[in-house]
Amino acid sequence: MSLATSLMPLQLDIYLQSDTQDANTGAIKKDWAYSKTMQCSAKGIISNSGTGRGGDRQTLNTKYSNEQMLEIRSVDQITYRDKITNIRDIKGNIVWKELDFPSETPTVFEVISSTPITDPFGNILAYNSIVKRSENQQIGI
């Protein structure tokens with residue numbers, strides 16, 4: 001275990017997107033397959049400023065919206081083609097879950113940005129990623 005991963009007490013599962021094209025219709029279909037589990041640290045993005053973007057927000061307009069954003073730090077890079085789920089603590093307890101979903105399933109997140117964290121010599125130490133709650137909470141659909 002490296003020093004970097006010792007500062008990352010959580011684990012998450014990554015699902016990788018692959019695209020296939022229907023031979024008859026030409027429609028693109030996205031499939032999600034489990035890729036790996038990695039160590040991480042994660043925290044919700046919270047702001048009490050009127051101009052800042054808060055991490056959790058529920059709105060009911062013409063369509064119900066439940067927004068939640070997290071900042072995730074990991075040794076391996078998380079890409080835009082990944083979905084994140086099953087974020088759990090050292091004891092295996094799910095940290096973010098869908099309370100209103102039929103069985104309190106782990107929340108699924110989409111990656112919206114990722115940037116490297118470097119040391120003074122330009123070596124990449126880890127990656128900081130921002131993820132948001134996916135509108136579709138079922139992987140594979």
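Basis for what follows: all heavy atoms, side chains included, without hydrogens, waters or symmetry-related copies. The structure presented is a predicted model; accordingly, all values stated were derived computationally and were not measured.
- With sequence neighbours excluded, the residues forming a side chain to side chain donor-acceptor pair (under 3.5 Å) with T107 are E98, listed by chain and number.
- Connection of I112 to I45 is established within a shared hydrophobic cluster, with ILVMFWY side chains joined at heavy-atom distances below 4.5 Å, either directly or through further cluster members.
- Partners of S113 under the side chain to side chain donor-acceptor pair (under 3.5 Å) rule, at least two apart in sequence or in another chain, do not exist in this structure.
- Taking hydrophobic clusters as Ile, Leu, Val, Met, Phe, Trp and Tyr residues chained together by side-chain heavy-atom distances below 4.5 Å, W32 does not share a cluster with I14.
- Other residues, nucleotides and ligands contribute only 12 or fewer heavy atoms inside 6.0 Å of the CD1 atom of I90.
- Counting only heavy atoms from C-beta outward, the side chains of R73 and L7 never approach each other to under 4.5 Å.
- Shown here are the side chain to side chain contact (heavy atoms under 4.5 Å, CB included) partners of T25, two or more places apart in sequence or in another chain: D22, A27.
- Residues forming a side chain to side chain contact (heavy atoms under 4.5 Å, CB included) with D89 (at least two apart in sequence, or on another chain): L10, K91, N93, V95.
- Classification of R81 and D19 as a salt-bridged pair holds, one side-chain N sitting under 4.0 Å from a carboxylate O.
- Going from atom NZ of K30 over to atom OG1 of T20 covers 10.5 Å, rounded to the nearest 0.5 Å.
- Separation of atoms CE (M8) and CD (Q39) is listed at 9.0 Å; rounding is to 0.5 Å.
- Q11 contributes atom CD, which lies 11.0 Å from atom CE of M38 (distance to the nearest 0.5 angstrom).
- When the side chain to side chain contact (heavy atoms under 4.5 Å, CB included) test is applied to Q77, the partners found at least two apart in sequence or on another chain are S114, Y127.
- Considering CG of D13 and OG1 of T37, their distance stands at 3.5 Å, rounded to 0.5 Å.
- D119 is linked by a side chain to side chain donor-acceptor pair (under 3.5 Å) to N123, counting only residues two or more places apart in sequence or in another chain.
- Rounded to the nearest 0.5 Å, atoms CZ (F109) and CD1 (I130) are 12.0 Å apart.
- Scanning for ring pair (Phe, Tyr, Trp, His ring centres under 6.0 Å) contacts around Y80 gives an empty result, with sequence neighbours left out.
- Annotation: side chain to side chain contact (heavy atoms under 4.5 Å, CB included) contacts of I94 (sequence neighbours excluded): N86, R88, K97, P106.
- Tested against W96, the residues L70, I84, V131 include a single side chain to side chain contact (heavy atoms under 4.5 Å, CB included) partner, L70.
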Item to complete: Take K83 and Q17 through the side-chain contact (heavy atoms from CB on, under 4.5 Å) test and state the conclusion after the steps.
Response: CA-CA 8 Å; K83 281 202 178 185; Q17 171 187 317; over 6 Å; no
